[in-house]
There are 2 protein chains.
Amino acid sequence: MPDPRPPTIKDVAERAGVSKSLVSLVMRGSAKVSEQRRAAVVAAAAELGYRPNAVARSLVRQRSHVVGLMLSDIHNPYFAEVASGVESAAALGGYRALFNSGSRRPTAEREAMETLLELRVDGLVLAGPVLATRDIAAAARSVPLVLVARASRSAGFDSVTNDDRRGGAIAVEHLVALGHERIAHISAGAAAGARSRRTGYERAMARAGLSSRIRVVSGSFTEEGGYEGMRRLLAGGERPTAVFVANDLAAIGALQAADDAGVSVPADVSVVGYDNTALAALGRIDLTTIDQPGAELGAMAVELLFERIEGRRDDRHIVVTPSLVVRSTTGPPPS
Amino acid sequence: MPDPRPPTIKDVAERAGVSKSLVSLVMRGSAKVSEQRRAAVVAAAAELGYRPNAVARSLVRQRSHVVGLMLSDIHNPYFAEVASGVESAAALGGYRALFNSGSRRPTAEREAMETLLELRVDGLVLAGPVLATRDIAAAARSVPLVLVARASRSAGFDSVTNDDRRGGAIAVEHLVALGHERIAHISAGAAAGARSRRTGYERAMARAGLSSRIRVVSGSFTEEGGYEGMRRLLAGGERPTAVFVANDLAAIGALQAADDAGVSVPADVSVVGYDNTALAALGRIDLTTIDQPGAELGAMAVELLFERIEGRRDDRHIVVTPSLVVRSTTGPPPS
DNA sequence: GACGGGTATTGGAACGTTCCAACAGGAAGG
DNA sequence: CCTTCCTGTTGGAACGTTCCAATACCCGTC
């Protein structure tokens, strides 16, 4: 018993004894159709279990009413927040959101993005992509595109970010105010935002007269990256009294490494994360971090997308100012 | 300067001086096309920046090569694990995965599911839906469908779950073995799997001769639910010495409530979660929990989907056995 | 009873692909 | 030199909608 094809508008039309055009009118809620016919169509559709085919519709309308969202890393709770912001803002505008994920690998990200493009989404949001700017710019040539959580001076698309450089500086300033001097940084290499956070760290260190204390080890935006970075910091040379970690996920890995090494936080070493994810707020973690409101950034991204869909051509780059959230992983340096 | 329409197969054909059929052949990598023409087509496509239109393709092929995944709650890291399992298994089979989320609300879930159905995905995976079984069965009538992390005896679709009842029992048995008697449960009401975990708890209590000690407070699969539940348990009546919480997220909320109330874990009260998410493994949390391998369940779901797409008609219900992961939130009861 | 004017309804083209049957054109065989 | 066969190529139908221009219908007016 091969599954019969799903009913089409034509089947509904036949059963209701009207033309397919009329059915189309009814399905789209047109006002100019007689009550009697409407009822007949609605009944026929219900009996057949008719569901409009969005594929056919977007083909003819040249509009899918879908915004695509490529998440760089689905395991990072920060992106989950971005996603929910995107989803609700899209719904508000009568659009639906569809996600994807590229496991923090450029090739996987490009494929994920390509999938969305081939589906002809009306707009594309890229959250924290590690993709080459060149590829992003190319994609932006064929669809309205907004970057979230990654800055760009590039033309052809919009972006919504927080001021990562400022955020990095805020972290350092907080630690300096507490009396720290040996402040190290676990960076996330070339990942989105990582470079600026590092620059913010370095400049703030210089401003505080601590240029000679600058110490950066490379990690990544993952727990493992943070763990490894902290392990190296604790192992070799002069131990830092404070560490600014590239994001919350990595900071949690760093906390773990400190715990494992019997180094207590914040008594022996202070730790600052970035993103203020739900993770950081957990009582047991209670991580001092830099707040960057994910859901809001996601929602703003969709707003920008809508404007572009409406025809705006100039580039808009929104930069929100991050803020410090002090919790219990930072304190004065050991005396 | 209105954005020109993206180039179509016809544009490529014209530029390469061949028919659109030939272009189609080349794009799909057919062997039977001369090297000379192929080169011309490839060049023309590159020059125009041609990207095949997946919408048109799925319309005519009646196949989208996309599997849809509806996540009940995008903030629950457990579902992120399911999602990555789904995504990689889909990729292995030459399919792409697209996500959605219903915010643990039946209406939002139904809408999310409907979106996917209208897009005519080839298969649908629902992860932990709170949707009515009736709605799921209805959807299963029009597309191969697999339920993950929610059991069902219903016909017409497959499911992949762990044995929640057994899991609940394992948690109780562990606590009983440690010497606990006043073991309470924070349930998640009618959410997917919650009922069975509760039944498992109740039956295991009875088997241990602790029927009179059974105490259930209602919560949800969220931090807030767990926090609230624990608060109530600590406030009223005889305080339990151990609590089995419906999932990790809620267990973390419960830990928080214990911390806030100055109740120490596990000295005063032991806590067991469910899911063994990455959260539970964090050193600072180190939650004893019941393991249910999310990524694997997701991958299995896709396997089942593939079989159904290939034509299998009978229902398959895979139930994996959960296992105990002992960490530091459980210990003997206070003496 | 013819006419005008609005409103409800309809057929057919279009959207960008794939698929299939049909067709060139050259090589091989008689 | 004519068939036959194969290989590469092509036009056109189909997929399920929307949209537009055209038509049918009804009502009131003269």
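All values derive from a computational prediction rather than experimental measurement. Basis for what follows: all heavy atoms, side chains included, without hydrogens, waters or symmetry-related copies. Protein chains get the first letters and strands the later ones, always in sequence-line order, with residue 1 at the start of each.
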Under 4.0 Å protein heavy-atom contact, by nucleotide of nucleotides 14-22 of chain D - B base, S sugar-phosphate only
BBBBBB---
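Taking the side chain to side chain donor-acceptor pair (under 3.5 Å) definition, one finds that R308(B) meets it with D158(B), D315(B), sequence neighbours left out. Annotation: side chain to side chain donor-acceptor pair (under 3.5 Å) contacts of N162(A) (sequence neighbours excluded): D164(A), Y274(A). Residues forming a salt bridge (Lys or Arg N to Asp or Glu O under 4.0 Å) with R37(A) (at least two apart in sequence, or on another chain): none. For S34(B), the side chain to side chain donor-acceptor pair (under 3.5 Å) test picks out no residue, with sequence neighbours left out. Partners of T161(B) by side chain to side chain donor-acceptor pair (under 3.5 Å), not counting sequence neighbours: none found. The salt bridge (Lys or Arg N to Asp or Glu O under 4.0 Å) search around R96(A) returns E111(B), not counting sequence neighbours.
The interatomic distance linking L22(A) (CG) with dA8(C) (P) rounds to 11 Å, in whole Å. Nucleotide dT9(D) holds its P atom 11 Å from the CD atom of E35(B), rounded to whole Å.
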Pair up each side-chain donor or acceptor in residues 119-126 of chain B with any protein partner under 3.5 Å, not counting sequence neighbours, and list the distances.
| from | atom 1 | to | atom 2 | distance (Å) |
| --- | --- | --- | --- | --- |
| R120(B) | NH1 | L117(B) | O | 3.2 |
| R120(B) | NH2 | R51(A) | O | 2.8 |
| D122(B) | OD1 | S64(B) | N | 3.0 |
| D122(B) | OD1 | S64(B) | OG | 3.2 |
| D122(B) | OD2 | S64(B) | N | 3.2 |
| D122(B) | OD2 | H65(B) | N | 2.6 |

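The nearest pair of heavy atoms linking L59(A) to A56(B) is CD1-CB, 3.9 Å.
For the helix from dG1(C)-dC30(D) to dG30(C)-dC1(D), the angle separating the two terminal helix axes comes to 70°, with each axis derived from five pairs and the value rounded to 10°.
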